[in-house]
Amino acid sequence: MKWITREKARVDRIACPWLVSRFVDKAPTFLFVPDREVMAVAEREGAIPYDVPGVELGHVEGRCSFESIIVKYGLKDPALDLLAKIVHGADVTADRGIAPEAAGLYAVAHGFAIVHGDDDHEKIRLETPMYDALYAWCQEQPGG
């Protein structure tokens with residue numbers, strides 16, 4: 001399947017590809033396009049839009065996009081729930097204190113954005129092992 005979002009990814013737009021590729025779609029293709037082109041390209045390409053305003057897999061009912069994907073695809077995993085809380089805090093400024101790890105994830109994700117700029121696919125490639133490690137850590141936590 002094709003998945004599409006806005007370019008210049010930071011937290012949610014990189015965490016979501018990790019989640020999708022690990023738990024939803026074993027061979028995803030991710031498209032990053034300018035804000036104003038997302039819906040038109042999604043329709044033309046038959047892609048699933050995420051982390052864009054007004055879509056099911058965006059910020060909905062207090063959830064970040066990562067959490068919306070978990071809900072949509074019925075992913076039941078205590079470690080994913082903890083990771084979702086961390087991603088939410090890193091992505092939603094007002095909720096940064098929701099998990100102690102959120103501020104660290106925010107800093108690291110923004111560091112990748114500073115170093116790698118607009119190369120969203122490179123950020124996915126480089127940050128995927130970080131999300132694998134963070135998920136492994138979440139699995140080791142009580143209840144994970």
Side-chain angles (χ1 to χ4, degrees), residues 1-138 141 144:
M1 274 189 282
K2 291 181 183 176
W3 300 75
I4 189 167
T5 193
R6 302 170 284 174
E7 60 191 359
K8 299 181 176 142
R10 293 232 165 70
V11 178
D12 225 4
R13 282 175 255 156
I14 298 297
C16 290
W18 175 85
L19 178 64
V20 165
S21 64
R22 293 294 186 260
F23 297 94
V24 177
D25 182 348
K26 294 302 178 191
T29 299
F30 295 100
L31 307 173
F32 294 91
V33 300
D35 287 351
R36 67 189 177 282
E37 297 176 24
V38 171
M39 298 314 288
V41 175
E43 187 173 327
R44 184 178 70 235
E45 297 289 329
I48 299 167
Y50 69 95
D51 201 37
V52 241
V55 301
E56 180 181 22
L57 300 179
H59 287 232
V60 178
E61 298 177 359
R63 296 187 305 264
C64 69
S65 302
F66 191 92
E67 294 164 307
S68 291
I69 291 171
I70 288 173
V71 168
K72 164 77 176 178
Y73 292 95
L75 304 177
K76 306 287 187 205
D77 177 346
L80 267 184
D81 293 341
L82 177 54
L83 182 54
K85 187 175 185 179
I86 295 166
V87 169
H88 178 103
D91 193 55
V92 179
T93 304
D95 295 335
R96 185 82 16 93
I98 197 170
E101 302 80 13
L105 178 57
Y106 171 83
V108 170
H110 281 263
F112 274 102
I114 292 166
V115 172
H116 298 287
D118 295 343
D119 192 344
D120 296 315
H121 289 98
E122 181 68 355
K123 287 183 276 190
I124 291 173
R125 186 185 75 76
L126 293 171
E127 291 183 55
T128 291
M130 177 190 68
Y131 282 100
D132 287 337
L134 190 52
Y135 176 66
W137 178 84
C138 290
Q141 301 312 297

Residue pairs passing the salt bridge (Lys or Arg N to Asp or Glu O under 4.0 Å) test where at least one lies in residues 66-81, sequence neighbours excluded:
Glu56-Lys72
Just grab all the salt bridge (Lys or Arg N to Asp or Glu O under 4.0 Å) pairs involving residues 19-34, residues at least two apart or on different chains.
Arg22-Asp132
Validation row: Trp18, Ile124 side chains within 4.5 angstrom (heavy atoms)
no
Hey, does Pro17 have a side-chain heavy atom less than 4.5 Å from the side chain of His121?
no
Begin from the C-alpha positions of Val87 and Cys64 and carry the test side-chain contact (heavy atoms from CB on, under 4.5 Å) through to its verdict.
CA-CA 8 Å; Val87 169; Cys64 69; 4.2 Å; yes
Enter the distance from [X]:[atom1] to [Y]:[atom2] here, rounded to the nearest 0.5 Å.
X      : Y      : atom1 : atom2 : answer
Phe30  : Ser21  : CZ    : OG    : 5.5 Å
Ile69  : Trp3   : CD1   : CH2   : 5.5 Å
Asp120 : Arg13  : CG    : CZ    : 8.0 Å
Thr29  : Met1   : OG1   : CE    : 10.5 Å
Ile4   : Glu37  : CD1   : CD    : 8.5 Å
Phe32  : Asp119 : CZ    : CG    : 9.5 Å

By the definition side chain to side chain contact (heavy atoms under 4.5 Å, CB included), identify the one residue from Val41, Leu57, Val55 that meets it with Pro49.
Val55
Search all heavy atoms of Lys123 against all heavy atoms of Gly117 and return the closest pair with its distance.
NZ-O, 2.7 Å
Using every non-hydrogen atom in the two residues, find where Cys138 and Leu83 come nearest and quote the distance to one decimal.
SG-N, 3.7 Å
Go through the side-chain N and O atoms of Ser65 and Asp12 and say whether any donor and acceptor fall under 3.5 Å apart.
yes
Pairwise ring pair (Phe, Tyr, Trp, His ring centres under 6.0 Å) hits with a residue in residues 47-71, at least two apart:
none
Would you please name every residue forming a salt bridge (charged side-chain N to carboxylate O under 4.0 Å, His left out) with Asp91, sequence neighbours left out?
none
Residue set satisfying salt bridge (charged side-chain N to carboxylate O under 4.0 Å, His left out) with Glu122, at least two apart, ordered chain then number -> Arg125
Take His116 and Leu126, measure what side-chain contact (heavy atoms from CB on, under 4.5 Å) needs, and give me the verdict at the end.
CA-CA 10 Å; His116 298 287; Leu126 293 171; 3.1 Å; yes
Should Leu19 and Tyr73 be marked as a side-chain contact (heavy atoms from CB on, under 4.5 Å) after you check the CA-CA gap, both sets of side-chain angles, and the distance that decides it?
CA-CA 11 Å; Leu19 178 64; Tyr73 292 95; over 6 Å; no
Donor-acceptor pairs under 3.5 Å, side chain of residues 95-108 to any protein atom, not counting sequence neighbours: which ones?
from, atom 1, to, atom 2, distance (Å)
Asp95, OD2, His88, NE2, 2.5
Arg96, NE, Gly89, O, 2.9
Arg96, NH2, Ala90, O, 3.0

Checking Trp137 against Leu82 for the side-chain contact (heavy atoms from CB on, under 4.5 Å) test, could you report, in this order, the C-alpha distance in whole Å, the side-chain angles of both residues, the deciding distance, and whether it holds?
CA-CA 10 Å; Trp137 178 84; Leu82 177 54; 4.1 Å; yes
